[in-house]
Amino acid sequence: MSGLNKFENIFEEGKAEIDRLSAPDDLEKRLRSALANRRVPRRPLQQWKLRTAVALIAFSLIAYNYDALAYYGKQFLGYDQIMNGTLKQLNELGKGQLISKSYTFKNGFILTLDGVMLDSNQLLLFSTLKDPAGKVDQGDMMPRMTIKGLIGEYMENNSTGQIGADKTEIKSVTSFAPPKFFEKKLTLTVSMIEKGTMDNGNIPFTLDRNTAMGYTLKKDINQTFDVDGSKIHINSILSSPTKTVIDGSVMNILELAEAKLSGEERLAHISLDSFDLRLYANDKELTKQGGGMGTSLQGIIFNEDYDALPTDLQKLEIKLVSLGTDHQVNQSYTLKPGSDNPALSILGQTIEIKKVYPSEGDTCITLSSEDGVVLTKVYLLIDGRRVSLNNTQDDHYDKIAEGKSGKIIHTRTLHFPGTGQTLELDVQRMTYVKTYNEVVNIPVK
């Protein structure tokens, strides 16, 4: 029963009790006699009753809504449009630390650190950039941010923002690596460049680790996808309330050294655009949030970020859907001027030769292939003389309907310096995307 309902019941019971009271028959006569002999100052009884009733009702309403007021006071307001579903839920639960500290730049812009949200995977920083003149949409006005701790410095990983309707403010959610466990007193350093002048400012704040969230799943996986000579190591998975991160490597440092010593040039050239790794929880694909790739002592390392895992997790799978890698070709193909050239079949991939023609002293070859097929090392033999590729122009992509999904066709024109009578396309290396659909099951118990 709510506090307001309790108040109403007490009020009704008291009223019923008063209604049941009855006065003695001679009470009126005795009261009139007493009043005749004694003057009593009149009091504003009705006004006092009204004030008391209003105070009681107000007290009841405040008591009833106290938890709700505190609940909404912990939320970050105005960020609904730039939060994903997971962050919205966490914000509605009040999972964050309010800070509300500001720095004013020399140009009048004001950056306010509204608050932070911390778990095992990241520190999310909620900030508002304001300009009363309404110029936040002119140029790249977002300041650069770093967070400094006792001994560490944390750079921003990515940021999502939205300009307000009146163009006087931008609200942003920026991700940083989580500070070390001992970090408590931190400083947000903000930098803005305007007209060639750098303006730096600091916003110190104390991290309240009582508001921090940990992780929901942490496992070493140590399994490998071995596909066409490329080894994709899945090292670990860490899921927290804000996101799930898969860490892995394409080649470890020993494999890289071995490939270089053997003269093998392919070295698993992989780009994130052609690396399709998906995460399924309870047979439902989780939304991908981003990722990164680099080189370290561990070799070529990568991380793939996804949405948080469901609370009722029963099944977890990692699927390598497709992968684009560089392959040795070392073959030459005879071409002739004009548009009557047969398609080339290279390592099972089809290259359509649309046209071969001279242009301003260059030999131009217009060709098309499925998106992801790239001639990464190619020359042209002109009358027996090998020349390097000058540039690639006129790139465009066309979607071709095929079944339910269709495919993307990439058309471009290769420019080689010089012209001649006999032409041979010398393809040394080629990158293409291949579908695998291999799955690794992750125990969840």
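For the residue pair Asp395 and Gln393, no side-chain donor N or O sits within less than 3.5 Å of a side-chain acceptor on the partner. Between the side chains of Thr112 and Thr128, no donor-acceptor pair is found at a separation under 3.5 Å. Between the side chains of Asp226 and Thr224, no donor-acceptor pair of N or O atoms lies under 3.5 Å. Using modelled atom types, one finds no donor on one side chain facing an acceptor on the other under 3.5 Å when comparing Ser322 with Arg278. For Thr168 and Asp131, the side-chain atoms include no donor-acceptor pair closer than 3.5 Å. Donor-acceptor pairing under 3.5 Å is lacking for the side chains of His233 and Ser249. Using modelled atom types and a 3.5 Å distance limit, the side chains of Tyr79 and Gln81 yield no donor-acceptor pair.
Within the structure, the ring-ring contact (aromatic ring centres under 6.0 Å, His included) test picks out the following pairs touching residues 377-399 (sequence neighbours left out): Tyr397-His410. Among pairs with a residue in residues 99-114, those fulfilling salt bridge (Lys or Arg N to Asp or Glu O under 4.0 Å) read Asp114-Lys171, at least two apart in sequence or across chains. Sorted by first and then second residue, the side-chain hydrogen bond (donor to acceptor under 3.5 Å, both in side chains) pairs with a member in residues 115-126 read Asp119-Ser240, Asp119-Thr242, Asn121-Ser240, Gln122-Ser175, Gln122-Thr242; sequence neighbours excluded. Note on residues 413-442: pairs passing ring-ring contact (aromatic ring centres under 6.0 Å, His included), not counting sequence neighbours, are His327-Tyr432.
Salt-bridge formation is not detected for the pair Glu438/Lys319: no Lys NZ or Arg NE/NH1/NH2 atom is positioned less than 4.0 Å from an Asp or Glu carboxylate oxygen.
Scanning both residues, Val190 and Pro143, for their nearest heavy atoms gives CB-CB, 4.4 Å. In plain terms, the two heavy atoms of Gly324 and Thr431 that are nearest each other are C-CG2, 4.3 Å. Smallest separation of non-hydrogen atoms from Asn390 and Pro417: CB-CD, 4.0 Å.
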Taking distance alone, no hydrogens or angles, what donor-acceptor pairs closer than 3.5 Å link side-chain atoms of residues 339-365 to residues at least two apart or in another chain?
unit_1: Asn341; atom_1: OD1; unit_2: Lys336; atom_2: N; d: 3.0
unit_1: Asn341; atom_1: ND2; unit_2: Lys336; atom_2: O; d: 2.8
unit_1: Thr363; atom_1: OG1; unit_2: Gly418; atom_2: O; d: 2.6

Show the atom names and distances, to 0.1 Å, of all donor-acceptor pairs under 3.5 Å that link a side chain in residues 305-315 to residues at least two apart or in another chain.
unit_1: Asp305; atom_1: OD1; unit_2: Asn303; atom_2: ND2; d: 3.1
unit_1: Asp305; atom_1: OD2; unit_2: Lys243; atom_2: NZ; d: 3.2
unit_1: Tyr306; atom_1: OH; unit_2: Leu277; atom_2: O; d: 2.6
unit_1: Asp307; atom_1: OD1; unit_2: Thr86; atom_2: OG1; d: 2.5
unit_1: Asp307; atom_1: OD2; unit_2: Thr86; atom_2: OG1; d: 3.3
unit_1: Lys315; atom_1: NZ; unit_2: Asp283; atom_2: OD1; d: 3.0

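Among the candidates Asp199, Asn202, Asn200, the single residue satisfying the side-chain hydrogen bond (donor to acceptor under 3.5 Å, both in side chains) test with Tyr103 is Asp199. Each of Leu111, Asn107, Thr197 was scored for a side chain to side chain contact (heavy atoms under 4.5 Å, CB included) with Met192, with one residue passing: Asn107.
To the nearest 0.5 Å, atoms CZ (Arg412) and CG (Asn391) are separated by 14.0 Å.
The backbone N or O of Phe76 sits less than 3.5 Å from a side-chain atom of Asn91, completing a donor-acceptor pair. Under the 3.5 Å distance criterion, the side-chain polar atoms of Arg429 are left unmatched by any main-chain donor or acceptor of Val378. A donor-acceptor distance shorter than 3.5 angstrom exists from the side chain of Gln97 to the backbone of Asp208, with no hydrogens or angles considered. Formation of a donor-acceptor pair under 3.5 Å by the Glu156 side chain with backbone atoms of Met145 is found in this model.
Between Thr392 and Thr413 the shortest side-chain heavy-atom distance does not fall below 4.5 Å.
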* Test Phe109 against Leu129 for side-chain contact (heavy atoms from CB on, under 4.5 Å), laying out the working first. => CA-CA 7 Å; Phe109 280 69; Leu129 181 68; 3.9 Å; yes

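In the displayed structure, Lys219 atom NZ is contacted under 6.0 Å by more than 12 heavy atoms of other residues, nucleotides or ligands.
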